[in-house]
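Just below is one structure, and these are the notes that go with it.
These numbers come from the heavy atoms of this one structure, side chains and all, not from hydrogens, waters or symmetry mates.
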Amino acid sequence: MVKQLRDRWLAALLCGFGVAFTFFFFGPMDLYVGNRTEFLFAFSDFAGFLALYALGAFLFFGALILFVPEKIYPYVFGVVFWLIVMGYVQGTFLNIGIGSLLSDDVGSPLNPAFVVLDTALWIIALAGCMIGAFFMKKHDMIKTAALVILFIICGMQLVGCVSELPDLGKATEAETGTDTEAGTDETAGTDAASETETEAETSAEPEMLYLTTAGLTDVAPGKNIIIFLIDRFDVSYYYDLLDFDPDFFAPLTGFTCFPDNVSLFSRTYPAVTGMITGIPNDFSGKAADYFDYAYQNSPFLHDLKDNGYSIRLYTDDYYCYRDASSLLGVADNITGTTGYVVSDRAGLAGQMLGLSAYRYLPVVMKSMIKLSSGSFSESGTYTGDEPAFDVSDYRTCAAMREGLNVNTSYGENAYVFIHLNGCHAPYYLDENGRFTSNGNSLDASRGCFGMIYDYIKELKDFGLYEDATIVITGDHPTPIDDYVEPSEPRLTALFVKPAGRSEEPLRTSSAQVCEANLIPTLVRSAGLRTSHSYGPGYFDVPEGQVTERHHLFELTYDDGSSALVDYTIKGKGSDFDNWRITGRTDIGWLYK
């Protein structure tokens, strides 16, 4: 045993350290530093548990190498060596063209040839390690070469770790309330190459405002304008629901369906803010500046206030606002916080380990990692008087199951905007509106509409339905592939119930409408007094009339920068022959 320990101690040390440090500590740390402005928490919030997990991995793999029977020792050493080397190679060189988590479905589809090549490299490397293990006893040079390679990899990781230590003290988005550059759309910071953040100054006790869940189940006793925004509610999901049940949408009495509807943008940012304010983003400045200007200078929001409407916005931060100070004087469900508290540090560390695994796993296995930006909201919350609203359908559905309340404290009339995750992967909602860890788009859509149908029923019970204006739509269609210009129509499902309609059966209009018709429809339906000319609403567009509409596709280049590709649509949106590229503007980094 003494000889065995003497012969194996260096191999055990390097193997244990290689696995523990690379995959369990440096990997999550590197991803955090490279994308820290996308996270609300600090490295210290999960570093302790990372260290514990890394220590456990070090002891396990070190003991495995030390004490495994001599007969199989070379092969065990070969497998561990293979994992360390190929994990490092994968994470450093082989994640080509993977910018978004594969649990989402808008990253560029993987080239089958690349998947085969990547898998083949792992298999060939394993075969080589097993051949080397077979001859290792007879040729000490093989073991020596393997130990040198492990030493080099561990050394490079240590150097990388030391070089990133100063960045750990830099502020996150939550700590500063300032905007810095971030990673790919609607991911959890998985693109380790997107390390182009600007520096932010820390503040001892920054005051940050955020949108809360306050009043989520409240309706006004007078007129209600209610927007249910189902993220990525592409018209294809509408047809999927019809295929599932031809009468699925029958409860939408008083509504008109507009299947030929074009959204302006192709992503949540800046689509949601543009829909709320009526002010699109020209990407000339930072996101925070756009949010400040749009929310504070929206004629529509000012008209709502001037007409005695309370405004409650239930949507996510980052993509829809950076600090709710942009919404002061606008939204009535704002509170302040001096920080962000992580309630589940072990769980947060586990989420970061999931990102690390995503980075180092072979391409064919990456889809096993089910993470999104929303996954991290489970681990913490703002330290304010009310819970922060996040786009977690099952939480919203759970709140709605308690029933609606007619609340006069917000005033006689209300504008309520409710953002649901809906058709956006990963899907955590089942068909009954409850949490599931393995959902799909159809069941998530059914769950969202089940909640909406209950909401409508209660409005009818309160006698408030006929006077209500209700819109059910998406912020954008499914891009299918953010890295390739669309080659087929991109339409967003839309249902509209104007005030004055109630029990009339759902009808379908073939009118060629677009997002520009949204706010005019709300103004007309609610009878808002205004000095602004908003243009035609949905019901002002005759069926059969050819209209000109625009869709700005946010194209991602391989280097991470973006362009707005302006599609002009003249005629039926379902016919891609009517889609023409009429402009292209390089905008640099999308999330400035």
Side-chain angles (χ1 to χ4, degrees), residues 22-23 27 30-31 34-35 78-79 81-132 149 153 156 183-195 232 234 236 266-267 354-372 424-427 438 440-441 477-490 553-563 565 576 579 581 584 586 590:
T22 301
F23 305 139
D30 185 47
L31 287 167
N35 302 276
V79 169
F81 173 83
W82 169 69
L83 289 174
I84 295 171
V85 173
M86 284 306 299
Y88 175 79
V89 170
Q90 181 73 50
T92 307
F93 304 109
L94 297 181
N95 289 330
I96 301 168
I98 301 175
S100 300
L101 287 164
L102 295 180
S103 58
D104 195 4
D105 50 14
V106 298
S108 188
L110 295 175
N111 186 324
F114 172 67
V115 176
V116 171
L117 175 62
D118 184 78
T119 305
L121 288 175
W122 278 79
I123 295 173
I124 292 170
L126 177 60
C129 288
M130 291 300 96
I131 293 171
I149 292 172
I153 290 176
M156 287 190 295
T184 32
D185 184 24
E186 300 165 343
T187 73
T190 60
D191 186 359
S194 59
E195 300 177 4
R232 201 185 287 173
D234 190 271
S236 62
S266 64
R267 303 195 193 190
L355 286 183
S356 179
Y358 182 84
R359 179 181 187 178
Y360 293 115
L361 282 173
V363 173
V364 73
M365 297 179 66
K366 290 186 187 295
S367 60
M368 296 167 53
I369 306 300
K370 303 295 184 182
L371 288 174
S372 72
H424 195 298
Y427 308 103
N438 191 30
N440 57 68
S441 62
T478 177
I480 298 180
D481 185 349
D482 288 327
Y483 294 78
V484 177
E485 294 171 0
S487 58
E488 58 186 82
R490 298 286 189 270
F553 182 76
E554 295 155 86
L555 176 70
T556 301
Y557 293 131
D558 289 339
D559 65 358
S561 64
S562 297
V565 182
F576 198 67
W579 291 60
I581 295 178
R584 181 189 302 270
D586 290 334
L590 182 63

**Prompt:** Which distance, rounded to the nearest 0.5 Å, do you find between the CE of M86 and the CG of D118?
**Reply:** 7.0 Å

**Request:** Please tell me if the side chains of L555 and E485 come closer than 4.5 Å, counting only heavy atoms from C-beta onward.
**Result:** yes

**Item:** R267 side chain to T556 side chain, donor-acceptor N/O pair below 3.5 angstrom
**Value:** yes

**Prompt:** Take atom CE in M368; do more than 12 heavy atoms of anything else shown fall under 6.0 Å from it?
**Reply:** no

**Item:** For the student: nearest non-hydrogen atoms of S266 and P479, plus distance
**Value:** O-CG, 3.8 Å

**T478 side chain reached by H424 side chain, heavy atoms, under 4.5 Å** = no

**Message:** Rounded at 0.5 Å granularity, tell me how far CZ in F23 sits from CG in L361.
**Reply:** 9.0 Å

**Message:** Once rounded to the nearest 0.5 Å, what's the spacing between atom OG of S487 and atom CD1 of I480?
**Reply:** 7.5 Å

**Message:** I need the minimum non-hydrogen distance between G91 and N95, along with the two atoms involved.
**Reply:** CA-ND2, 3.6 Å

**Distance, nearest 0.5 Å, that separates OH of Y483 from OH of Y557** = 13.5 Å

**Message:** Does any part of the side chain of Q90, heavy atoms only, come nearer than 4.5 Å to the side chain of L121, both counted from C-beta?
**Reply:** no

**Message:** Is there a side-chain contact between Y360 and T22 in this structure, where contact means two heavy atoms from C-beta onward sitting under 4.5 Å apart?
**Reply:** yes

**Item:** Closest non-hydrogen atom pair between G27 and S356, with its separation
**Value:** CA-OG, 3.8 Å

**Asked** Quick one: CG on L83 to CZ on F81, what's the gap to the nearest 0.5 Å?
**Response** 11.0 Å

**Request:** State, to 0.1 Å, how close P486 and F576 come at their nearest heavy-atom pair, and which atoms those are.
**Result:** O-CZ, 3.3 Å

**Request:** Measure from the side-chain N and O atoms of W122 to the backbone N and O of V363, and report whether any donor-acceptor pair falls under 3.5 Å.
**Result:** no

**Message:** Quick check: do L94 and V89 have side-chain heavy atoms less than 4.5 Å from each other?
**Reply:** yes

**Message:** Once rounded to the nearest 0.5 Å, what's the spacing between atom OG1 of T119 and atom CZ of F114?
**Reply:** 9.0 Å

